[in-house]
Amino acid sequence: MVRVRFAPSPTGPLHIGGARTVLFNWLFARNHGGTFILRSEDTDLERSSVRWEKDIADSLRWLGLTWDEGLEVGGPHGPYRQTERLEIYKEYLARLWLGGHVYYCFCTPEELEQDRREAMARGENPVYSGRCRHLTPAQVEEKLQAGLKPAIRFKVPRDTEIVIQDLIRGEVRFQSRDVGDFIIIKSDGIPTYNFAVVVDDITMRITHVIRASEHLINTPRQVMIYQALGEEVPQFGHVSVVLDVSGRKMSKRMGDMSVTAYARRGYLPEAVVNFLALLGWSPPDNKELMSLEQMVKEFSLDRVSKSPGIFDEQKLNWMNNQYIRACDLERLADLALPHLEKAGLEPVSREWLKYVLDVVRDELNCLEELPGHIEEFFPDTVDIEPGALPHLEAETAPAVLTEFLLRLDRLPAAASYGEMQNQVQQLLKELNQDMKRERGVSGRAVFMPIRAALTGRDSGQELYYLVPILGRERVRRRIEASLRQVSRGA
RNA sequence: GGCCCCUUGGAGAAGUGGUUUAACUCACCAGCCUUUCACGCUGGCAUUCAGGGGUUCGAAUCCCCUAGGGGUCACCA
């Protein structure tokens, strides 16, 4: 039975790199019919907050990555918050005491800092000196009596080799002499990460630890604890990190890379998840657009890349656009509403919104861009841009515009935007033919003046989309205004 | 500085000793289509896999060295 977990420390929002790690865990679990667990590593009392725990849970739900055990949903191996598991750590600590694997350390932060500096100055590896390792029981008792609050260190065995068969990286070897005795219980009695994860992973029966590669270096410490405890060591898989466009580790400087930020900007969760999956993993058939279900079916750790990936927003944009194109219109309308509201744009109607979305969706990288694409549909008049002016000043322009308006007025009321689109398309076709016959102008000479009058620009949507979107009234006003402007100028 | 990891085009990558003159996708460039901009279509974009040595009839694929990038050496996780 496969059991994996995601164990963030709730000190900030879930960022895009963390989301990828969760995704790989989740896909691995689902692919094996296993269990995915969400727990909270909140032993950093200073920075942890339930607010971020909630934020992370919300982000996971938004991405569609549900968990079977853990925060909010509970389960048989709880509690799932480290600060609520202190009794459990005590039990395991007792076992380490019994085996003689730990000792009290009374060194002050200042002493430690001094040691570190001196070691560095001597060009040595700054590992803990082991000063307190050989304190006699009497000395320990004396310090305890004096009221000193000790930390507890793990005795790392001398000169042993720790070999890890990493699921992604292959065999990795460490020498125990390179790692100093490390603290597993802080002087405030709270366990340290390296100890708490091990106990949690043991008690929650975790079989595979899939996490960011920055933890690779912690693995030998944890393996030594497993061994001291006589527990079975899980399998490890260390996923590479995600870098920003400049090739650095992603930072806040590049903007808000949190999952919620992408949600807020109008990225679809299925696009984000799809993009993230492909950042470091590729399916055997090299398909790109795929649903979570498809990914679950094809996922395997041995197709996960070892090298760090660079987060390419251009490709995310392309992918999001693909999903926007394929999105159900009702859903897209729901998603669009908040962005319109924010921009102060009120859609004419739900039907109108859906029609507009269908027309402009091809151009959208994300919904946040929507207002910029449709705000031009709202005013009654437009400013004529320099590039569009010549089309209105053409000799035949007034005649074309007048005739267009006349015919538009004769159009029977349409039952839908789609029907109106067809009517206008037919109207334009006939207008073009008639103008060619009667005045010898066609093509650009008839379409461009209309476009210029309606939009003030020389580019944009097809006219037969534009007219239904603007509506007859607004079309009339814009054309009449343009006509006036041209005649005044002439 | 020690230790550990990584290195195929601007980005994601396929490729695990021989039809690879290195697939595919994004980006970029050009042409076509089109009333315009887009969309779409077509084509271009690594004689080479960080560099250098080996092993081999044959290497992006195996070995060694060098360089570059990253991680880590906390009473943070």
Quiz item: When the P atoms of B:C64 and B:G70 are considered, how many whole Å apart are they?
Solution: 25 Å

Quiz prompt | Length of the line joining A:E462:CD and B:C39:P, which is rounded to integer Å | solution = 13 Å

Quiz item: If you look at every strand shown and take non-hydrogen atoms under 4.0 Å, does A:T43 touch a base, only sugar-phosphate, or nothing?
Solution: sugar-phosphate

Quiz item: Contact class for A:I183 vs. all strands (heavy atom < 4.0 Å): base, sugar-phosphate, or nothing?
Solution: base

Quiz item: Heavy atoms under 4.0 Å, any strand shown: does A:S9 hit a base, just sugar-phosphate, or nothing?
Solution: sugar-phosphate

Quiz item: With a 6.0 Å cut-off on ring centres, are A:F275 and A:F311 close enough?
Solution: yes

Self-check item: Protein-nucleotide distance (A:E46, atom CD; B:A74, atom P), rounded to Å
Solution: 19 Å

Self-check item: P-based separation of B:C24 from B:G71 [nearest Å]
Solution: 35 Å

Quiz item: Has the side chain of A:R361 got a donor or acceptor atom that lies under 3.5 Å from a matching backbone atom of A:I324?
Solution: yes

Quiz item: Can you tell me how far C1' in B:C63 sits from the matching atom in B:A77, rounded to whole Å?
Solution: 38 Å

Quiz item: Is there a donor-acceptor pair under 3.5 Å between the side chain of A:N274 and the backbone N or O of A:M290?
Solution: yes

Quiz item: Which is true for A:H238 with a 4.0 Å heavy-atom rule: it touches a base, it touches only sugar-phosphate, or it touches nothing?
Solution: nothing

Quiz item: Reckon A:F182 touches a base, only the sugar-phosphate, or nothing at all at heavy-atom distances under 4.0 Å?
Solution: nothing

Self-check item: Separation of B:U34 P from A:D458 CG (nearest whole Å)
Solution: 19 Å

Quiz item: When you check every protein heavy atom under 4.0 Å of nucleotides 7-14 of chain B, what one-letter string (B, S, -) results, 5' to 3'?
Solution: S---SBSS

Exercise. Under 4.0 Å between any heavy atoms, over every strand shown, what does A:R361 touch: base, sugar-phosphate, or nothing? Just pick one.
Key: nothing

Practice problem: Say whether, by atom type as modelled, one donor and one acceptor occur between the side chain of A:R474 and the main chain of A:F378 under 3.5 angstrom. | Solution: yes

Quiz item: Across the strands shown, which category fits A:C105 at heavy-atom distances under 4.0 angstrom: base, sugar-phosphate, nothing?
Solution: nothing

Exercise. Taking atom C1' in both B:C62 and B:U16, compute the distance separating them and give it to the nearest angstrom.
Key: 11 Å

Practice problem: Round to the nearest Å and state the distance from A:N218 atom CG to B:C5 atom P. | Solution: 15 Å

Exercise. Could you tell me whether A:N317 contacts a base, only the sugar-phosphate backbone, or nothing, with contacts defined as non-hydrogen atoms closer than 4.0 Å?
Key: nothing

Quiz item: Which value, in whole Å, describes the distance between the P atoms of nucleotides B:G1 and B:A23?
Solution: 39 Å

Self-check item: Whole-Å gap separating P (B:C37) and OH (A:Y465)
Solution: 16 Å

Self-check item: Side-chain (A:D181) to main-chain (A:V156) donor-acceptor, under 3.5 angstrom
Solution: yes

Self-check item: Same-atom distance (P) from B:C29 to B:U34, integer angstrom
Solution: 23 Å

Quiz item: So which of A:H77, A:R85, A:R5 actually passes side chain to side chain donor-acceptor pair (under 3.5 Å) with A:D200?
Solution: A:R85

Exercise. Taking A:T192 for its side chain and A:N194 for its backbone only, find out whether a donor-acceptor pair lies under 3.5 Å.
Key: no

Self-check item: Paired and unpaired positions of RNA chain B as dot-bracket, Watson-Crick or G-U wobble under 3.5 Å, | denoting a partner strand
Solution: ((((((((.[[[..)..(.....]]].(((((.......))))).....[[[[[..)....]]]]])))))))....

Quiz item: With ring centroids as reference points, do A:F299 and A:F24 lie under 6.0 angstrom apart?
Solution: yes

